[in-house]
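What follows is a set of notes on a single structure, which appears directly below.
Every chain is numbered from 1, with letters handed out A, B, ... down the list of sequences.
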Amino acid sequence: MSQGMEIADVRLQRGQTLVFDGLSLKLTEKRIGVIGDNGAGKSSLFRLLCGLEQAQSGRVLMEGQPLLQARAEHPGLVGLMFQNPDDQIIFPTVAEELALGLRPKGLNKQQARARAHELLSARGLAHWAERAVGSLSQGQRQQVCWLSLLIASPQVLLLDEPFASLDLPGQARLAQDIAAAPQQILVSTHVLDHVRGFERVLWLEQGRLRGDGPGREICSAYEADVAARLADLHTAVPSHG
Amino acid sequence: MSQGMEIADVRLQRGQTLVFDGLSLKLTEKRIGVIGDNGAGKSSLFRLLCGLEQAQSGRVLMEGQPLLQARAEHPGLVGLMFQNPDDQIIFPTVAEELALGLRPKGLNKQQARARAHELLSARGLAHWAERAVGSLSQGQRQQVCWLSLLIASPQVLLLDEPFASLDLPGQARLAQDIAAAPQQILVSTHVLDHVRGFERVLWLEQGRLRGDGPGREICSAYEADVAARLADLHTAVPSHG
Amino acid sequence: MGSLYSEYPSWLHRWPAGLKLLLLAVFGTLLFLTSSPLLLAGCGAGCALLWWSLGEATQIARRLMRSVMVAALLVAGFHVLMGNRELAAVSALRLICASTLGIALTITTRPSDLVEVLEWLLSPLAALGVRTERAAMQLALMLRFTEHFFVQWKKLDDAYRLRTGKSGGLRLIAPLTIHMLQATRRVADALWARLGF
Amino acid sequence: MTTPSHTVSRHGARSMAQVSLFAALMAVMGLIPKIDLPFGVPITIQSLGVMLAGVMLGPWRGLQSMLLFLAAVAVGLPLLSGGRGGIGVFMSPSAGYLVGYALAACIAGAIMAALPQSTPRRTAVSAFVASVLGGLLCLHAFGVLGLMQLAGMNLSQAFKVTLAFVPGDFIKCILCAVIVHTVARGMPDWRFGGRQ
Ligand SMILES: Nc1ncnc2c1ncn2[C@@H]1O[C@H](COP(=O)(O)OP(=O)(O)OP(=O)(O)O)[C@@H](O)[C@H]1O
Ligand SMILES: Nc1ncnc2c1ncn2[C@@H]1O[C@H](COP(=O)(O)OP(=O)(O)OP(=O)(O)O)[C@@H](O)[C@H]1O
Ligand SMILES: O=C(O)CCCC[C@@H]1SC[C@@H]2NC(=O)N[C@@H]21
Ligand SMILES: [Mg+2]
Ligand SMILES: [Mg+2]
């Protein structure tokens, strides 16, 4: 885990939108927050880091090796918790969904199922095992997404707004889980309090790095910027209903 | 708008889950917040109030009239902003999507398109009109959902966690929009600050009304309850990673 | 739901949908009236030119085009095996030409514009009591779902590949079926919540 | 009160979405290559779509979904296997089968609605029976009529031709049952055959 992940001079185009143009980043810290406005490129960054998007130019490296090559050699290297739970969930029942993440580890179906049941019981959610994922509330589905990542335990975790639909106890529990996890974790969020304590936070603005530093510093800088923009808005345009 | 909406002794079963059993509510206030844990029944309440779910027993009334009958006589009576933007969006481009909400008003296609372009321009988003909805970021899609509700301007607005994916400026702008709207609005959210100032907040717990009163009071009660539960958790179970 | 409609402007985007549809109908029929390999080869060259002239707009459909090519090769291979080279050339070329035209229409025409044309074509039926607006909406939904099959498949495959390191392949048929059936419920809910009475 | 034409009922919305989905399924299946047989009627996967539409949606919606699909084909969208479309195809030897698509879906749906569905396995068996009777026998009957009308064959010739498709279609009936089994397990509340 010496070099971590690295993005070198990446240019990423998604459809018509040029999302990144010459973005470079070295990601070695264990906890990294990613903040910024809607459309700034947080999800695109995560998709790039797990290989779902291919850069038009530039490189994405993992421990100095091209990401796709590294992934091919070690399945289960990088895991992504999708921003929208429905994009992540594949199977109809919770147990099947959790079991999927264990297949790359070489467990067979029975073993994987058993592990899934174990994890659910440990969390007091044993009754979810046979429930249809579609019959859970949105926040419950987001919890399933986190559990399925936890059980697969990839080396690097990318969490794309994992707190968005969770209730307050759920947010606190996830924050604990994150703090306790041994892996490297990147978290994107609009709830700054969840990343304020991180050693490093990236502030993206229109695909460029506007800020990069300790959580406390960058979060306040972003908040100040937001406040300034809102003040401008109030003086410039009368509110329209 | 004298009587508003009313739920009388409703029992609602969704699949295997008995969501409400004997829930009764009179909703006359102009701004009502709905808070509670994941799975408490917030989304189910909204689906009931707009007629998407049918109670097994009990009645849902609008101005004293059964809801479905009222909706049949006045299309565009109740509008729902879905919790998951992808559940709400039907058409591929932003302009089409916005125009759809105007059809019940009897506008033809051209007129509806023109109105959609107007609204987008007024918000400085004219360049979104022809964009594919699928190519927007999640927060941008949530904004589209709000705009399509705003343009359809139903008499009652049900907003199911409308802030969840919005960035900070977006949240502030939506809060302004909500404050400025002339209609009755119900908002469910996990970000309590957005409903703390409301005249009335409902706190749902496992399908029952645990709290009902002024925003400030109910929000602190809920927060206190969450804090107590988390403290219990810490003393009872050692944190598991 | 996603879309095959390309946001890259091309010259064909500017043509009216009705004209494009008419041309497609005419050429589509002509393709099946002729069975001369030479004539069809000419059509093939024309289609290649068309495809090339659309430039970046075709990017979104390249995967689809590749699968059409594979299909054409399979069909041609079959007929060659049966000892009929001419038929091999003819059916492969037809398939490629017809698909190119169809894809060109799809990527350069907003589905709603297509539906408007269809609505107009159906309008004489209104006199017979047919709810043409509903038929048009239904056609629009059909086109949406067609694309949604591919979008959903891609989402499932992305998620599967990410989590297991392998492509999902046929294993994803069952989940895809369920996701699509659930999509009908969501779309129905959204439709009714927004247009319903 | 007359309902304005741009609004839908709850039932109508559900029906529109389902009908559109199965028409779309046919369109997607059209992209899967067909195998041309020398007498002008291809082997295609679309007949599986017909069975599924009937079994999953029931007679009325199944019929509508096929009519929607055929209308889209007639208007010129290249949705038949091999990217074919336009009015022309209704003049070809396969026209009988095409008309049969609509009626076969309807009949398969009606049969499905009448058969037992208490467990996923029983539902799958019912789906198999419904697709053999509706999606195979009935579809081929219309196909034979079409071959006699449009390809100038006599009954026994047409019968022999259609026999060439039976093994393939039999496999499709099994596939249909397997898919129904999956759905019956994954979505226990799905109403096969459009049952109320
Ligand atoms: N599938 C896509 N195709 C084309 N463009 C896209 C796609 N997804 C996102 N974009 C565009 O790329 C840019 C970055 O989007 P991204 O989803 O990374 O933003 P984000 O920071 O995650 O925003 P949010 O806070 O709303 O989730 C935006 O301008 C967006 O419109
Ligand atoms: N489609 C469904 N079928 C069956 N049960 C459901 C369905 N949707 C939700 N439920 C169940 O109904 C209960 C209430 O769910 P609901 O979605 O209303 O919760 P919520 O308060 O909106 O939660 P969240 O904060 O996670 O959005 C939960 O126990 C949930 O598991
Ligand atoms: O695409 C067409 O032109 C329609 C072809 C009809 C093919 C019929 S459907 C029943 C039978 N089974 C097949 O595989 N092909 C024929
Ligand atoms: Mg995002
Ligand atoms: Mg909810």
Side-chain angles (χ1 to χ4, degrees), chain A residues 14-17 35-44 83-87 122-124 131-132 134-143 150 160-161 163-173 176-177 179-182 190-192 222-223 225-227 229-230 233-234 237 239-241, chain B residues 14-17 35-44 83-87 122-124 131-132 134-143 150 160-161 163-173 176-177 179-182 190-192 222-223 225-227 229-230 233-234 237 239-241:
Chain A
R14 296 183 74 184
Q16 286 254 72
T17 315
I35 62 175
D37 285 357
N38 290 143
K42 303 180 293 297
S43 301
S44 304
Q83 185 168 7
N84 190 338
D86 290 346
D87 290 348
R123 306 228 146 198
R131 277 196 67 172
S135 82
L136 295 175
S137 80
Q138 170 115 346
Q140 292 170 332
R141 276 204 294 272
Q142 198 163 30
Q143 259 172 279
L150 199 61
D160 200 358
E161 313 222 2
F163 300 100
S165 305
L166 296 183
D167 55 17
L168 299 182
Q171 293 184 24
R173 245 172 281 136
Q176 273 175 27
D177 283 350
H190 293 298
V191 189
L192 302 187
Y222 177 58
E223 278 167 332
D225 180 69
V226 169
R229 276 187 284 159
L230 287 175
L233 201 74
H234 284 201
V237 209
S239 105
H240 40 227
Chain B
R14 297 183 72 183
Q16 304 264 54
T17 316
I35 62 175
D37 285 358
N38 290 141
K42 303 179 291 299
S43 301
S44 304
Q83 186 167 6
N84 191 334
D86 289 349
D87 289 351
R123 306 229 146 199
R131 279 197 66 170
S135 81
L136 295 175
S137 81
Q138 170 117 346
Q140 293 170 331
R141 277 204 292 274
Q142 198 162 31
Q143 259 172 279
L150 199 62
D160 200 357
E161 312 222 2
F163 300 100
S165 306
L166 296 184
D167 54 18
L168 299 182
Q171 293 185 24
R173 243 170 283 134
Q176 272 174 28
D177 283 351
H190 293 299
V191 190
L192 302 187
Y222 178 59
E223 278 167 332
D225 180 70
V226 169
R229 276 187 285 160
L230 286 174
L233 202 74
H234 283 201
V237 209
S239 106
H240 39 226

Measuring heavy-atom distances to chain A, does [X] have an atom under 4.5 Å in its side chain, in its backbone, in both, or in neither?
{"X": "B:Q16", "value": "neither"}
{"X": "B:S44", "value": "neither"}
{"X": "B:L192", "value": "side chain"}

With a 4.5 Å cut-off on side-chain heavy atoms, are B:D37 and A:P169 touching?
yes
Relative to chain B, which of A:D160, A:L168, A:V226, A:N84 shows the most heavy atom pairs under 4.5 Å?
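That would be A:N84.
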Gap between atom CZ of B:R229 and atom CZ of A:R173 - 0.5 Å precision
8.0 Å
Do you know which of B:A40, B:G41, B:G39, B:G15 has the most heavy-atom pairs under 4.5 Å to chain A?
B:G39
Least distance between heavy atoms, B:A172 atom then A:L230 atom:
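The pair with the smallest heavy-atom distance is CB-CD1, 3.5 Å.
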Exercise: identify the closest heavy-atom pair between B:R131 and A:T17
NH2-OG1, 3.4 Å
Sort A:Y222 into side chain, backbone, both or neither according to what part of it lies under 4.5 angstrom from a heavy atom of chain B.
side chain
For B:S137, which residues count as a side chain to side chain contact (heavy atoms under 4.5 Å, CB included) partner, sequence neighbours excluded?
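Residues passing side chain to side chain contact (heavy atoms under 4.5 Å, CB included) with B:S137: A:N38, B:Q140.
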Can you list the residues that meet the salt bridge (charged side-chain N to carboxylate O under 4.0 Å, His left out) rule with A:R141, with sequence neighbours excluded?
A:D86
